[in-house]
Amino acid sequence: MNATKQQTPARPRALTAEFVATPIRWLARHQAGPGLFFFCLTMVALAVLAGANLSPSVRLFVAGEIAAQEVTADRDLLVEDQQGTRARRDQVAQLQPAVFDLSREPIALLRQRVHDIFLAVNHADPAEQEQLRWQLAEALGAEITERTLAVLASEELQALVTTRALPWVESRLAEGVSADTRIVLQFKGGVLLRDLATGGETLRTDLQNLHDLRSVVSELSQNLKNETKASLAVRRTAVLLLSPLLSPTLTLNREATDARVAEMAGAVEPVFYRIQKGEVVVRQGERVSREQQLKLQALWARKGEKVHMATVAGVLLTSLLLGTGMLFSPSGRMGSAVRQKDLFFVALLLLVFALMSKGLTLLGQRVLEQGGGLTPEVLAFAFPVAGAAGLAALIFSARRYCVTGLLLAFFCTVLADGGLALFMFYFLGAMWNTWLVTRAQTRQDVVWSMLPLCAGLGLVWLGATALGGHVDPAALAWGLLAVAVNAMLSLLLLFALSPIIELCLGYTTRFRLMELMNLEQPLLQDLMVAVPGTYHHSLIVSNMVEAGAKAIGANSLLCKVAALYHDIGKLSRPEYFIENQFGGRNKHDKLAPSMSALILTSHVKKGAELAQQHRLGQEIVDIIGQHHGTRVIRYFYQKAVNLGENPREQDYQYPGPRPQTREAAIVMLADAVEASSRTLVDPTPARIKGHIDTIVKGIFAEGQLDESELTFKDLHKLGENFHRILTGLFHQRIGYPDAAKPGQPDRSPDRGPDRDLPKCAEKGAEKCPEKCGDKSGTAKNGQDRNGKATEKSGRKPDGPCPECPPCPACDEPQPPMPCCYGTLDGGNGDGPVKADVPPDVSPPPVQDAPESDGPEVGAKPVKPV
């Protein structure tokens, strides 16, 4: 129990520490420096501008005065008529029923007092008659004579009181009797009788029928006279006895009444006069009415405040909440790091367009004063917020350009004094334009997108204006003109500002990415001429990543361009990579494994330097540096282990970092899959599928995808698209017919689709009895085809490798024997590697996950069987 009590406070402290540490950790992940400060400062400045009063002051006229000038409302306002509201509330208060408490205690007290008097009279000592008369006189408030005392002691009086008079009085008191009728009659709305015993309430509007004490005594006297045969002395004595003992059962509850009056008055809606933006409050030469004076006072009071602090606080808080969307991914996790220049760009975009929106609003007020068909609403709908969002779509991913479009729509609406209709027009128009921009593949596509942009903005304008309940036919022509101007200005902004953004901030926009795909680019020309093998590999990877990125919704254009340039670092030493050796001598045979690994890993750093030198953009530079992550070159690491060294994995790792974005992770997966797929013998669709799954699962198991945003669903879609591309790449072809030669198989078209296969393949290549491509590389008896003993492991034996003779069944040349090359490197290359490893060194295991570049060195592609 003590341990439990001591551990209980630790949990709140841990939660508090985590709550404080999480924002700090998030800010540390992002580049929270001057860019974040400028972004927040921009939010504050725009919030102050939204609350600032920059319009000219309103001329104030009083009721009865002739207006010297026309006054037009520059905003929508609701003006409360306090006098009218007060009158309505007073009217409700007057009609509110008063609350009276109905108590039954006076009834019980009356019966008790009558009983006590009769008891005292009946048991009084004759010697104490005088004292008794004095006590009764004090109690009843009347002179009690000896005769009256005798009547009180008579049996006739006591029977009359107890059987007739007292029950009748009690029934009247139970209905409710007030002290004075005038107290009740002052409430015109009636009275609410609240029974204190039961809690029930009864509304009485017939106030004339409510009794007071005087009326009860009068009715009692009349009732005794009409209903009984008692003598006058007895009846008078009965009335004399009961009338002083009566107490009102109804009492006014002032607190409850006031509370209900206040509640009802508060429920009364205030009297408002609605002022709409652009409404003429008073015309020149017109006599000002009381209502017009109230409207002018409201406009003047609004103008009198230099800064509306409530507006500033609301705009600032809302914008900061919206701005946090820049930090999160759609899944709710932290997204990729926001760079300082990203924050600078978004803040600058918001600042420029918000100021332009404010200036356009002030211009619209001037135009409105001059009259004419052009209104501030028309100018606001012509403002190209969609073009600004399109600029963000050229640079950012979907999450960030959506947040940027939302902030632009919010600030431009607030500074234009617009409402929900204008906000919806800005935001939906921005999202429509970003959708068009992200699907444009050339600048011509962007130009042609003006037509669907104009049509979409027109539909959004109709929907937004219909939110007000009606569409003014007179404003239809002006609205459509404003939409057309909006679309044209948005298009011009894209072409005018995108080159400036690329030059000043170093962004790689979609237009720049389209230019980098041009085969006339110097780096692509160098790849084609100097390292054609690497260039061919890059082309295949680019096709794979484009298909995969489209399937999972990533930036397919960025992926494709980055894949074209991801191996440009191999330009520095192309002869050290297998795809560029073309059957030549492997230079790694004379190098230590650590030196080979150093040469291979250096191509990542060289590639990033070349990308920066040729200004490919930071996005592509990052992908080049991340496309191998921190993977280990297993082939040379295992080679070092087999040579008896004690290597460290850090010496055989790529510098990294791991992929930070989905695009970088896609390039890593496609690069590893394509490079290692060249090791497949007889790459059937099933084998390609299994190979892709092995590579992807291996990379995932290594933790290389932990910092990207790929999900298991994304990996599944990527694998399907990679499989489709590679299956098409390794498709089967039918050989062209050849003139039959002596001793050669007949390849005439009459043989059908298998005319290009050797005879032994008609029943399956695996049926060839003397096939050199047997996985073991040995005959069943452990000897080669020359009768020499070989090792069952398939490792290169001592001495020269035997020459592979043609197949005795079909006389076709066969692929090299397995002993002619080491083994599959386990994940770093395009195929088997020719490695001069001493006989006592065992090759690295085949089951390791393939990687990208390591085993490419010195590898000779295997001809499919």
Visitor: Using only atom types and a distance under 3.5 Å, with no angle test, would you say the side chain of Ser154 pairs donor to acceptor with the backbone of Val151?
Guide: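 Present.
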Visitor: For residues Leu406 and Phe427, determine if any side-chain heavy atom of one lies less than 4.5 Å from a side-chain heavy atom of the other.
Guide: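 Sidechains of Phe427 and Leu406: in contact.
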Visitor: Return the CG to OG1 distance between Leu193 and Thr249, rounded to the nearest 0.5 Å.
Guide: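 Those atoms lie 9.0 Å apart.
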Visitor: Specify the closest pair of heavy atoms between Gly419 and Thr413, including all atoms of both residues, with the distance to one decimal.
Guide: O-CG2, 3.5 Å
Visitor: Can you list the steps and then say if Leu428 with Phe423 is a side chain to side chain contact (heavy atoms under 4.5 Å, CB included)?
Guide: CA-CA 8 Å; Leu428 295 179; Phe423 173 78; over 6 Å; no
Visitor: Are the side chains of Arg89 and Pro270 in touch, meaning some heavy atoms are under 4.5 Å apart?
Guide: yes
Visitor: How many angstroms lie between CG in Leu173 and OG in Ser103, if you round to the nearest 0.5 Å?
Guide: 10.5 Å
Visitor: So which atom in Val191 and which in Phe100 form the shortest heavy-atom distance, rounded to 0.1 Å?
Guide: CG1-CE1, 3.4 Å
Visitor: Give a yes or no on whether the backbone of Phe381 and the side-chain of Asn486 come within a donor-acceptor separation of less than 3.5 Å.
Guide: yes
Visitor: Take Val460 and Met424 through the side chain to side chain contact (heavy atoms under 4.5 Å, CB included) test and state the conclusion after the steps.
Guide: CA-CA 8 Å; Val460 173; Met424 296 302 298; 5.9 Å; no
Visitor: What heavy-atom pair brings Leu157 and Thr237 nearest, and what distance separates the two atoms?
Guide: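 Shortest heavy-atom contact: CD2-CG2, 3.6 Å.
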Visitor: Would you confirm whether Thr162, through its side chain, and Gln158, through its main-chain N or O, come within 3.5 Å as a donor-acceptor pair?
Guide: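 Side chain of Thr162 to backbone of Gln158, a donor-acceptor pair under 3.5 Å: yes, one is there.
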Visitor: If you measure from OG1 on Thr205 to CG on Leu203, what distance do you get to the nearest 0.5 Å?
Guide: 6.0 Å
Visitor: Look up atom CG in Leu232 and atom CG in Leu224, then write down how far apart they are to the nearest 0.5 Å.
Guide: 11.0 Å
Visitor: Tell me whether His123 contacts the main-chain N or O of Leu119 through its side chain, where contact means a donor paired with an acceptor under 3.5 Å.
Guide: yes
Visitor: Testing the basics here: between Ala174 and Ile107, what is the closest heavy-atom pair and its distance to 0.1 Å?
Guide: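 Scanning both residues, the minimum pair turns out to be N-CD1, 3.7 Å.
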Visitor: Does Ser357 use its side chain to pair, donor to acceptor, with the backbone of Phe353 at less than 3.5 Å?
Guide: no
Visitor: Check whether any side-chain heavy atom of Asn253 lies under 4.5 Å from a side-chain heavy atom of Glu255, and answer yes or no.
Guide: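 Side-chain contact under 4.5 Å: yes.
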Visitor: Less than 4.5 Å apart, side chain to side chain, heavy atoms only: is that true for Leu140 and Ile117?
Guide: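 Yes, side chains in contact.
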Visitor: So with a 6.0 Å cut-off around CZ of Arg236, is the heavy-atom count from everything else above 12?
Guide: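 No.
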Visitor: Measure the shortest side-chain to side-chain distance between Leu250 and Asp101 over non-hydrogen atoms and say whether it is less than 4.5 angstrom.
Guide: no
Visitor: To the nearest 0.5 Å, tell me how far Leu192 CG sits from Arg194 CZ.
Guide: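 One finds 8.0 Å between CG of Leu192 and CZ of Arg194.
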Visitor: Measuring only between side-chain heavy atoms, which start at C-beta, is Leu476 closer than 4.5 Å to Trp461?
Guide: yes
Visitor: Using a 3.5 Å distance criterion without hydrogens, assess whether the side chain of Thr311 forms a donor-acceptor pair with backbone atoms of Gly51.
Guide: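 A pair under 3.5 Å: no.
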Visitor: Do side-chain atoms of Arg287 reach the backbone of Glu65 as a donor and acceptor pair under 3.5 angstrom?
Guide: no
Visitor: Please report the C-alpha distance between Glu201 and Asp195 in whole Å, then the side-chain angles of each, then the deciding distance to 0.1 Å, and finally whether the side chain to side chain contact (heavy atoms under 4.5 Å, CB included) criterion is met.
Guide: CA-CA 6 Å; Glu201 295 183 350; Asp195 194 334; over 6 Å; no
Visitor: Quick check: closest heavy atoms across Leu242 and Ala165, and the distance to 0.1 Å?
Guide: CD1-CB, 3.6 Å
Visitor: Give a yes or no answer on whether the side chain of Arg260 reaches the backbone of Val99 with a donor-acceptor pair at less than 3.5 Å.
Guide: no
Visitor: Might you work through the side chain to side chain contact (heavy atoms under 4.5 Å, CB included) test for Leu213 and Val177, ending with a clear yes or no?
Guide: CA-CA 7 Å; Leu213 295 179; Val177 175; 3.9 Å; yes
Visitor: Does some side-chain heavy atom of Thr228 sit less than 4.5 Å from a side-chain heavy atom of Arg235?
Guide: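 Yes. Closest side-chain heavy atoms under 4.5 Å.
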Visitor: Once rounded to the nearest 0.5 Å, what's the spacing between atom CD1 of Ile66 and atom CD of Glu286?
Guide: 8.5 Å
Visitor: Any side-chain heavy-atom pair from Thr361 and Leu415 closer than 4.5 angstrom?
Guide: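 Heavy-atom side-chain distance check fails, nothing below 4.5 Å.
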Visitor: So does Glu105 have more than 12 non-hydrogen atoms from other groups sitting under 6.0 Å from CD?
Guide: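 Count not over threshold, so no.
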Visitor: Show me the pairs that pass side chain to side chain donor-acceptor pair (under 3.5 Å) and involve residues 172-181, at least two apart or across chains.
Guide: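 Only Arg172-Glu219, Asp180-Arg182, Thr181-Asp212 qualify under side chain to side chain donor-acceptor pair (under 3.5 Å).
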Visitor: Count the heavy atoms belonging to other residues, nucleotides or ligands that lie under 6.0 Å from CD of Gln186, then report whether that count exceeds 12.
Guide: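 Correct, the count exceeds 12.
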Visitor: Can you check whether Val315's main-chain N or O pairs, donor with acceptor, with Ser319's side chain at less than 3.5 Å?
Guide: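 Looks like yes, one N/O pair under 3.5 Å.
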Visitor: Does one side chain, of Thr148 or Thr145, offer a donor that lies under 3.5 Å from an acceptor on the other?
Guide: yes
Visitor: For residues Asn122 and Ala153, report the shortest heavy-atom separation together with the two atoms involved.
Guide: OD1-O, 4.0 Å
Visitor: Under a plain distance cut-off of 3.5 Å, with no hydrogens placed, do Gln94 and Asp90 share a side-chain donor-acceptor pair?
Guide: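 No donor-acceptor contact under 3.5 Å links the two side chains.
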Visitor: Looking at Glu263, I'd like to know if its CD atom is crowded, meaning that more than 12 non-hydrogen atoms belonging to other residues, nucleotides or ligands lie closer than 6.0 Å.
Guide: no
